[in-house]
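Notes follow once the structure below has been shown.
Residue numbers begin at 1 in each chain, while the letters A, B, ... track the order of the sequences.
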Amino acid sequence: MAGQYNARELENQIRSLWERDDTYHKVRQLRVGGKKFFFVDGPPYTTGRIHLGTAWNKVIKDSILRYKSMNCFAVKDRAGWDMHGLPIEVKVEESLGFKSKKDIETYGVDRFIDRCKEFALRQKDDMTAQFKILGAWLDWDDPYMTLKNEYLEAAWWALKKAHEHNLLERGLRVVNWCPRCQTAIADSEVEYWDETDYSIYVKFPVLGEENTFIVIWTTTPWTIPANVAVAVNPSFQYSKVRAWKDGRPEILIMASDLVESVLKTGRYQDYELLGVLSAEQMQELHYEHPLGDMVPRQKEIVHGVYAADFVAAENTGCVHIAPGHGLEDYELGLNHHLEIFCPVGEDGRYTEQAGEKYQGLYVKEADSLVIADLEEKERLLAQGRLAHRYGHCWRCKTPIIFIATSQWFLRISDLRDKMLDEISRVTWYPEWAGSARFADWINNARDWCISRQRYWGIPLPIWSCPTCGHLEVIGTAAELEERAGRKIADLHRPEVDSILLDCPCGGKMKRSPDVFDVWFDSAVASWATLRFPSQEKDFEEWWPADFITEGHDQTRGWFYSQLGAAMVSFGRAPYKSVLMHGFTLDDQGRKMSKSIGNIVQPEEVVAKFGADILRFYVLGANAPWEDLHFSWESVENTSRMLNIFWNAYRFALPYMVLDGFDAEKADLSRYEKSLRPEDRWILSRINSLIGEVTEEMEAYQLHRIVRSISEFILEDLSRWYIQLVRPRTWIEQDDPDKLAAYATIYEVLVKLSRLMAPFTPFLSESIYQNLVRGLDRAAAPSVHMCPWPVADGARIDRKLEESMSLVREISMAGSNARQKGGRKLRWPVSEIVISPAKEAVDLGDLVGVLKGQTNAKKITVLPPGEKPKMDLELSPVHKKIGPVYKGEAKAVVAALQAADPFEVKKQIDAIGEAHLISGPKGYTITSEMVQIRELPPESLPAAEFSRGLVYVDITLTPELESEGYAREIIRRIQDMRKEMDLKVEDQIRAEVDIESKPILDLALLKKEHIAGEVRASDFQLGLGLELRGRLIKDWDIEGVCVRIAIDRA
RNA sequence: GGGCCCGUAGCUUAGCCAGGUUGAGCGCACGGCUGAUAACCGUGAGGUCACGCGUUCAAAUCGCGUCGGGCCCA
């Protein structure tokens, strides 16, 4: 027997049941051979802790996979782990107290790699346990891990394919560079926030013109030594001005529109315009590098002016170009065959190319020195500070710099159109995630820099010959072993670094020392999870993925990286459908962060409420693709809702146990003839619900599912059906009416447990085990092995559902009217009158239900437009009476008030006026002189419902009163039974002393009824009784003192 | 500067794709129920559906624009 809903205890029990029976594997085994559903788990990074977002993510995945499995799909569901990359390197470096790559080299790359591996594996185990608590059923025993040899091969193989398709290239590119990690980082690994930097205006002396300068502006003074050119906008006009500062003139060139602001910034007191220059004329200028003395190489470079569209009408309109330190600069440099001058090394320090003075300085620290030198050379026009967005390494938060380095690229930009074409064939939930958001990202796709100068990653399988330049990409471990002529235990660094391969030219090829960008790891998950290329069969049978789902940040992440990797390898998208979900934010819509202190841990929610409640909450809180604003209050509500479900479930159990409910009695088909209309109604509703939920699930409208189910549980099951069915459970013996109710409840609960199984797997399993397995050991061992319920069309009766919803409305309106009339529901009323406004009301077979719920003796449904007999109220319209009757007006008003309102109305309706007789006098009252209002009589309060009005006749009769008092007495005795902790079936002895004779007489009429209801085998009702019993209490019933004593019989 | 999403009651939100009386929950106030009970139910107050223009017999819903918030890009 079930007690209170204790989610944690229940979930622990179910978890151990699943473990004991190995339920997960049985479920998957059951569906082998079914239609294939290939799901690829977006691998969480092994940080060691899951957060609310990852919990939501796995709950969505799990719910969908459980649903698919119940629909007989053979589900492929290997969990995945993303285990390489800088974040782990940084953690390990921290634990070892390392500051740079040199420390790693000294420590030993092999030992460092071992540490990284250990770390990642430990974190993976911790996180697996956390996911399991949530009830996430993925294949945790055999997950794919990016650090496994078979996984490394999948990336190698992809790169080899890319190379075969001529999409791999090595080139000098300006990349985002982290000087601390000493590696290139991807655009997506750059974090932006505001940083205060220098803002300087610099004067570049024009060659061949005395005291004349082009003015540029920059926030990175350290890039000035690498300046090679100036860019101007081809559509701007430029001005040459003579400007005076402290009496000294200078000739300055800048965009015409910006002259005033630049000179103001430079604190010039006066100026005169010498002439204007077009962009073409600007391009004829050459200038001298302002720090040519410091940077010897600059003496050899010719500095010119070039046109570029990206030049904005900001600052000076002349842009400093350092092709070695900027993306646009680099492209401009390529176009005009400028020197890609980059006097900065991988450590972020100037190289010897920067000249003696700067060599060895860290660039961010060189800013002030460069400024001082410019100042000294009188080349600085102005300097200030500026807060602007600046990029940082996502891992170590070091400000990134741009430097030109030699890297490996995938030529993704060539595939843009093909990619757009591919994603248009993918089904996106919601649709705009693909057609708008992702398409926009792809339109801006650039070539993918896949090389990183680090250790803990998949080594690039590129070998090249230093002698002849011959290059080979190795696709598998077997291929490498064959070429190397020996076994290789681990494909990571440093083991592969030592392998030299024979070059056709006779030389020895060496491996390119880089590792893959970690995004490339997860990018190959769709085939790595199938163990391709080491095994081919699964790949042929399953690939590409049927479904993936991740947060909207993965638009530029995993959705994209997977697409890119699959395009270069297979020329097609690796997934067929994608559900994009939102972020988890706090209740105010802010990101959860340590600094705000608003982080909510999933295990905290599980500890307080349970996994099912967390699951049902996150699924229902809002549409999956919108951000989830986490609110404890809403979790609390979800908890309340499931608790009500639990109470509905356990409501009937004690009775069923009492009545020896068994498999035979659970068989609904035996009671078809005994089903009441309300039974047929709830059976119709549960089948309609199954239809709705199935439809919503097919569109991944997860929030609607939760709402549909919640509404059914609260409104239909708990607030209505259970209330209706209660009295039937009190019937003694095997009455078919009672058994039909049991069988109906049973059917509804069993259906519901299956319908909810994907979303609240623990609760559903518990109910299933008790209700189904408890009666039939031959039933499927788990609810998750049951088929998804199918709506039974024969049970669905729309008309009945409609009538019932009318009955519910009328019943509520009835309560409302009772409240107005001051008549409690416990007191029966003689009649309820339903007065529809226009549309007829057809209650079908449900009049009995309505009578019961409204506690009314009679239900009358009037034809549309008809009302019960109303009281009428006449109010004189003085404005009209006065002018006609003048001095007699008062008498007229008196006569009107004395008149029979029904008679007045009858005459006015018939002839437009009424004749009043007042003593000797008669008055004619026109319709204008009186306002006639219809009022429900005090004994007939009314309330509205959607089709009209509901009137409740609250007139009391002795019969009604005696019933009312009987119920009052019953209620109090029941209360006392409970206080004594009696069981439902216990018999009692009761004595009731009522101090008022008339009321005693009323109660005596119902003596037998009361005794039966409270199970009193010995029952006394009287005046002045001497009370005996274990429990004696005084009650006030409608102002009368009633003393009750009860005891066990 | 560009792309996408969002803006509905004090708060959290449904409805929007497919136009037809804005619907819930929380909180607040009042009442009821009492063999599901450390529960539960009803009623009430509370809305310029961000704003403007357009399409339409009819707009929270469709279109255009503005403002505000978020994410991403430049």
What contact category does [X] fall into here, base, sugar-phosphate, or nothing, at under 4.0 angstrom with non-hydrogen atoms?
{"X": "A/A648", "result": "base"}
{"X": "A/T555", "result": "nothing"}
{"X": "A/E711", "result": "nothing"}

For the [atom1] atoms, the ones on [N] and on [M], what distance do you get once it is rounded to whole angstrom?
{"N": "B/U48", "M": "B/G7", "atom1": "C1'", "answer": "14 Å"}
{"N": "B/G32", "M": "B/A24", "atom1": "P", "answer": "23 Å"}
{"N": "B/G63", "M": "B/G19", "atom1": "C1'", "answer": "13 Å"}
{"N": "B/G20", "M": "B/U66", "atom1": "C1'", "answer": "29 Å"}
{"N": "B/G31", "M": "B/U21", "atom1": "P", "answer": "35 Å"}
{"N": "B/C51", "M": "B/G23", "atom1": "C1'", "answer": "24 Å"}
{"N": "B/G25", "M": "B/G70", "atom1": "C1'", "answer": "25 Å"}
{"N": "B/C26", "M": "B/C72", "atom1": "P", "answer": "35 Å"}

To the nearest Å, how far apart are [X] [atom1] and [N] [atom2]?
{"X": "A/H552", "N": "B/C6", "atom1": "NE2", "atom2": "P", "result": "11 Å"}
{"X": "A/F651", "N": "B/U34", "atom1": "CZ", "atom2": "C1'", "result": "14 Å"}
{"X": "A/R972", "N": "B/G35", "atom1": "CZ", "atom2": "P", "result": "12 Å"}
{"X": "A/R967", "N": "B/G35", "atom1": "CZ", "atom2": "P", "result": "10 Å"}
{"X": "A/L717", "N": "B/A39", "atom1": "CG", "atom2": "P", "result": "20 Å"}
{"X": "A/F438", "N": "B/C73", "atom1": "CZ", "atom2": "C1'", "result": "14 Å"}
{"X": "A/E809", "N": "B/G42", "atom1": "CD", "atom2": "P", "result": "13 Å"}
{"X": "A/D627", "N": "B/C71", "atom1": "CG", "atom2": "P", "result": "9 Å"}

Legend entry - Within 6.0 angstrom of A/D417 CG, more than 12 heavy atoms from elsewhere: no
Legend entry - Within 6.0 angstrom of A/Q723 CD, more than 12 heavy atoms from elsewhere: yes
Inset, instruction - Select from A/I722 and A/E328 the residue whose nearest nucleotide in RNA chain B is closer to the 5' end of that strand. - result: A/I722
Legend entry - Residue met sooner reading RNA chain B from 5', once A/E968 and A/F645 are mapped to nucleotides: A/E968
Both distances under 3.5 Å, Watson-Crick or G-U wobble: report the partner of [N], or none.
{"N": "B/U21", "value": "none"}
{"N": "B/C16", "value": "none"}
{"N": "B/C64", "value": "B/G52"}
{"N": "B/C71", "value": "B/G3"}
{"N": "B/C30", "value": "B/G42"}

Distance-only donor-acceptor check, side chains [X] and [Y], under 3.5 Å:
{"X": "A/T219", "Y": "A/D197", "answer": "no"}
{"X": "A/T223", "Y": "A/H320", "answer": "yes"}
{"X": "A/E968", "Y": "A/W827", "answer": "yes"}

Any idea which of [options] is nearest the [X] side chain?
{"X": "A/I644", "options": "B/C17, B/A74, B/C40", "result": "B/C40"}
{"X": "A/R437", "options": "B/A74, B/U34, B/C72", "result": "B/C72"}
{"X": "A/D440", "options": "B/C73, B/G2, B/A14", "result": "B/G2"}
{"X": "A/M812", "options": "B/C4, B/U12, B/G42", "result": "B/G42"}
{"X": "A/R556", "options": "B/A74, B/U13, B/C72", "result": "B/C72"}
{"X": "A/Q974", "options": "B/G35, B/C6, B/G42", "result": "B/G35"}

Inset, instruction - Would you please confirm or rule out a distance under 4.0 Å between OP1 or OP2 of B/G15 and any side-chain N or O of A/H703? - result: yes
Inset, instruction - Would you tell me if any nitrogen or oxygen in the side chain of A/R818 comes within less than 4.0 Å of OP1 or OP2 on B/C33? - result: no
Distances under 3.5 Å between nitrogen or oxygen atoms of protein and nucleotides 23-29 of chain B:
from	atom 1	to	atom 2	distance (Å)
B/G25	O2'	A/N637	ND2	2.7
B/C26	O2'	A/E633	OE1	2.6
B/C26	O2'	A/E633	OE2	3.2

Inset, instruction - Taking all heavy atoms of A/R1030 and all of A/D1047, pick out the closest pair and write down the distance. - result: CG-OD1, 3.1 Å
Inset, instruction - Would you indicate whether the side-chain heavy atoms of A/F759 and A/R615 approach each other to under 4.5 Å? - result: no
Inset, instruction - Report yes if the side chains of A/W720 and A/S805 come closer than 4.5 Å at any heavy-atom pair, otherwise no. - result: no
Legend entry - Nearest-0.5 Å distance, OH of residue A/Y617 to OG1 of residue A/T638: 7.5 Å
Inset, instruction - Identify whether the distance between the nearest side-chain nitrogen and carboxylate oxygen of A/R1048 and A/D986 falls below 4.0 Å. - result: yes
